[in-house]
Structure formats: C-alpha cells, structure tokens
Amino acid sequence: MKTITTTLLAFLCCSVFASNNPNIVFILADDLGLGDINHYWEEFQSSKSLVPTPAMDALAQSGLWFTDAHSPTALCSPTRYCVMSGNYNYRSYAPWGVWGTFRENAISKDDATLGRVAKKGGYATGFIGKWHLGGDFLDKATGNIYRGNDRKDPNTTVDATRYAGNGPHALGFDYSFNIPCGIQGPIYLAYENEVWYPLAKDSKIQYLDEKTALYPEIVSDKGPGLGDSNWDTRNIGKILSTKAVDFIEDKADEGPFFLYYCTPMVHVPHLPPEEFDGLRIKGTTPSPHLDMLKDLDQQVSRIVNALKKAGVYDNTLIILSSDNGGLGISSKTNKAGHDSSGEWRGFKNAAHEGGHRVPFIAVWDGVIQPGTTSDEPVINLDVLATMAEMMDVDLSKNQAMDSKSLLPLLTGKKAYQSRPYIILQAGSKLQTIYRQDGWKLIMQSNSKCTKFEPVELYNLDSNPYEEPSLNLVNHPEHQARVKAMHTRYLDIRNSGMRTVP
C-alpha cells in the first residue's frame, strides 16, 4: 500500500477535477471500530477479520485511509454535535452525555453546520439516519415546547407527530428522513421532512414497552417510549438505505448534492435481518453484533451502487467514518476473537485510543489515488471545513472553530500544515484528552468541568497501545511535561480560542 506524505501529494493532481462542484456523500457509522473493517486487518495487521466487509473494503482500496483519525469524543451524541458544527463539544451547553429526543438542540442559528455550508455552496442537501441532536416538539397540554422524558411517562402529552423546530431543516437540510435517537430509542419513530412517517398503513403512535412492541428485544436498555406500532429494528437499515438511494436518484441530474447519511449500525440492540439484498445476515457470524456489520456493509453497498447507477460516482467525494470507537460489550464477539478496536486499548466511551480512534476513508475518483494512506492526525469534525473550502464558502471567525480543512490532503494542490495538538473527550467517566508531539495526557474532570486532574500520560510513539505499566503521569522525569501540557490545555479551553486557523 502506498503512503501519502505532504511532500508526495502532488502526484494526485494528475487529473483535473471532473467538476468544480463534486457531489459529497458523508457516511457516519455508529460504534464502528477500526477492527470492524476487514481492510484494517489485511492491510495493517497481516490477518483477516471474522466478518467480510466487501463494500467498505472496496472504499478503502479505492481511496485514502487515514491511519491516525479520531472522533472528537468517545460517545455518540457529543460527536454528532462536533461533526455537524465543527466545534468541540465543550463549546456546547451540554459538554457531557447525550441529547435525548426532547432536549434542546445545542446548535445555534449562527453556527455553521454541514447542511448550511452545503446549502450556501449551492448544493441540494439531505440528511438521512440517526439524528441524536435533540429538537423541539410541542406539548399538547400547554402548547409550549416539550422538554420532558417520555420513557418514564406512558401518559406523556408530547405531540410526537412532527417537529416544531430545531430539527434537520433548521440546520440546512432540504430533505430529511431521520430517526431521532437511532435504533436504541426512545423514541422509536421515523420522520420524513420532520413529519411522522408511518412504517405501515395501520401504524399508530403508542407507548412501546416490552409488552406492546412487536417483540420485546426492540426496547433497548435505554428504555420504553413512544414508538410506531410497526417499528421493527431488523428493517431499519433497509429503510434508511432505500431513502438514501431515492435521494441520490432524485438529485443526480439536478446539480451537486450533499448527503449526510448517519446509519445507526452497529449500535445495540443487535437485531439483524434474515437477509439483505439476497445476502444472508442473521446467524452467519459468531454474534448478532457481527451480523450487524454485514447489515452496515450492505447499506454502504447500496449507496455506492446507486451513485454508479446514476452516473455520478466519478464526480462524488465519499467519506466514511464513525462517531466513536468500536464496541467491547459482546461476549460472543470477544470469545470468537474479534477485536473491534483493532488491537488499540479500550473501546467506545474510553479515553484510550480504542475509544476514539476510528475509520476515516475518503474516495474521490480521479483526484485521490486508490489504495493510499495518510498518517496525518485528523478528526472527523474536519469534514465541515473541508466542505467549506471545496465549495468556496467563507466561515466567520466564530464558526467551525475546531474544524480544519483536509482538502490539501485530498487533492495535493497545496501543502498541508499539521495540527500542532489535538483535543479529545471520552465518555461517561468524564475524562478529557490533550495530545501533542506524540504525547497524550488524560485528565479526570467532573460534571461541572471545574477540575481537570492529570491521571495518565503516554508516549504514543513508543507506547502506542497505552500499556498501563508505562503510564508516566507520576514519573519524576516527566512532571514538567505534565504541567506544561495541563496548563496549555486549560489555556485553550478556558480562553475559548479557535484551535485551528
């Protein structure tokens, strides 16, 4: 496999862009780790995954694989805020946790978003999939915005038939088909253009629990809540990818389009379909978790095939990434020998690399040379600034304050200046991360973000897998380093400064 460096990128420009306005399809998977893609094992570990992922492998072989790519946080919802806005999560009103369906959307009308940037650039915009950014629904009893918790209230008075505001359309998307909290709910409802989308002719909105759902497993560990009486988790991947295909077919002849496709796979609950486009899914791998990898791969296959069938694949930038690291919760998966983190320490939610080191693939036929890699440290919130530069859309000094354009790495038209540091965030254990010059400092915070105590220090150059015995945070020789990194992190965070030019 060829490796790209900033000094060798010029050869990528041997062809002229197919168009000044390429289409963009951004696929954000849910809980997909590096080790969940077979290409990772074959190319970097000289082995093979337990699960074939031919569609994702084909993307990796057709484009650029970033070996040091990260999600800004190790949890789903905070990352979605970051990716959508280009801002680190500590800039939001809720720096920890996740946004439920009825929480206030943290993105303001003045923020840049993926949808707003693309729309300003003259693109048709579509959002399909897991939203998880909150939004406004009306309370039928008061007429005000509902901010309750329906999973604790089977007699909730929320009007769940439509958004009242701050959904996908407010963030710049012309078309939307979304499920507010993915397959884990609650709620267990789909919305097309912010209006409830009945999943069958006889669908009704009801309180779904283990007794009223089509089958008990539908109700995840997040609990019961409002749902479609015909909600069947096994079909969600097919439904969403069908809507993605429809969007591509509808927009292919109308000019450039941007599709942000947020698949909820491979998040729990793991309820695989029997088959997907003729491919057997359920029971074909060692665990339901791994079955869902095949479901995800089939969704990717549908999207890529739709681009090719519509004749626009050659003029489309495709990006595939994940909202956080892979899962480490399935005993059947683990016993079978599958490592979703790809041998990195930790999984989703963790401050260690396995919690936030994620797949990041970019494919752009005729621009990005197939089968290449980049060792540049990148974060998937960089997509926003990349799109803005591609579309010649200006961002204000207060917008996308942490998003750095990767266009030089994709095209080779100019030199790329590496990030001098990276700021990341873990999950429920309230830890933050500062990385600089090969060193990684993990700090223990609290719910109010009033303390940031250094607890772990690793040299990733010599200890990439963060062996606990090589935690140097208390080592006498490294106290000056710990203090300097800690001070710098606090200065950056407390000042509210931009972290990229």
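Numbering of residues begins at 1 and proceeds along the displayed sequence. Because only heavy atoms are used, hydrogens play no part in the values below, and waters and symmetry mates are left out as well, while side chains stay in.
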Set of residues satisfying side-chain contact (heavy atoms from CB on, under 4.5 Å) with respect to D153, sequence neighbours excluded: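 Once residues adjacent in sequence are excluded, the partners of D153 under the side-chain contact (heavy atoms from CB on, under 4.5 Å) criterion are N155, T156.
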Lys/Arg-Asp/Glu bridge criterion (N-O < 4.0 Å) met for K348, D31: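 So K348 pairs with D31 through a salt bridge.
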Would you please name every residue forming a side-chain hydrogen bond (donor to acceptor under 3.5 Å, both in side chains) with [X], sequence neighbours left out?
X    : result
R493 : Y489
D402 : R91, T499
Q444 : Q431

Judged by modelled atom types alone, do [X] and [Y] share a side-chain donor-acceptor pair under 3.5 Å?
X    : Y    : value
T432 : S445 : no
Q425 : H356 : no
N89  : T73  : no
T450 : N446 : yes
H70  : R435 : yes
Y163 : N178 : yes

Flag, side chain of E466 to backbone of Y458, donor-acceptor distance under 3.5 Å: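 Side chain of E466 to backbone of Y458: no pair is present.
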L472 side chain reached by E456 side chain, heavy atoms, under 4.5 Å: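 Counting from C-beta outward, E456 and L472 never come under 4.5 Å.
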From D110 atom CG to N398 atom CG, the distance as rounded to the nearest 0.5 Å: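 So the CG of D110 and the CG of N398 are separated by 9.0 Å.
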Value rounded to 0.5 Å, distance of CG in L290 from CG in L50: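 Between L290 CG and L50 CG, I get 6.5 Å after rounding to 0.5 Å.
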Validation row, ring centre W99 to ring centre H132 under 6.0 Å: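 That pair fails the under 6.0 Å test.
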Output field: ring centroids W131/Y191 closer than 6.0 Å: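 No - the distance between ring centres of W131 and Y191 does not fall below the 6.0 Å cut-off.
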The single option from Y40, F26, F66 passing ring pair (Phe, Tyr, Trp, His ring centres under 6.0 Å) against F360: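 Among Y40, F26, F66, the one meeting ring pair (Phe, Tyr, Trp, His ring centres under 6.0 Å) with F360 is F66.
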Worked verdict on I183 versus Y188 for side-chain contact (heavy atoms from CB on, under 4.5 Å): CA-CA 7 Å; I183 54 177; Y188 303 93; over 6 Å; no
Salt bridge (Lys or Arg N to Asp or Glu O under 4.0 Å) partners for E477, two or more places apart: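 Listed in chain order: nothing, the list is empty.
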Lys NZ or Arg CZ of K404 over Y416 ring: under 6.0 Å, within 45°: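 Yes, a cation-pi geometry.
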Contacts of type ring pair (Phe, Tyr, Trp, His ring centres under 6.0 Å), residue F102, not counting sequence neighbours: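 Partners of F102 by the ring pair (Phe, Tyr, Trp, His ring centres under 6.0 Å) criterion, ordered by chain and then number, come out as F137, Y146.
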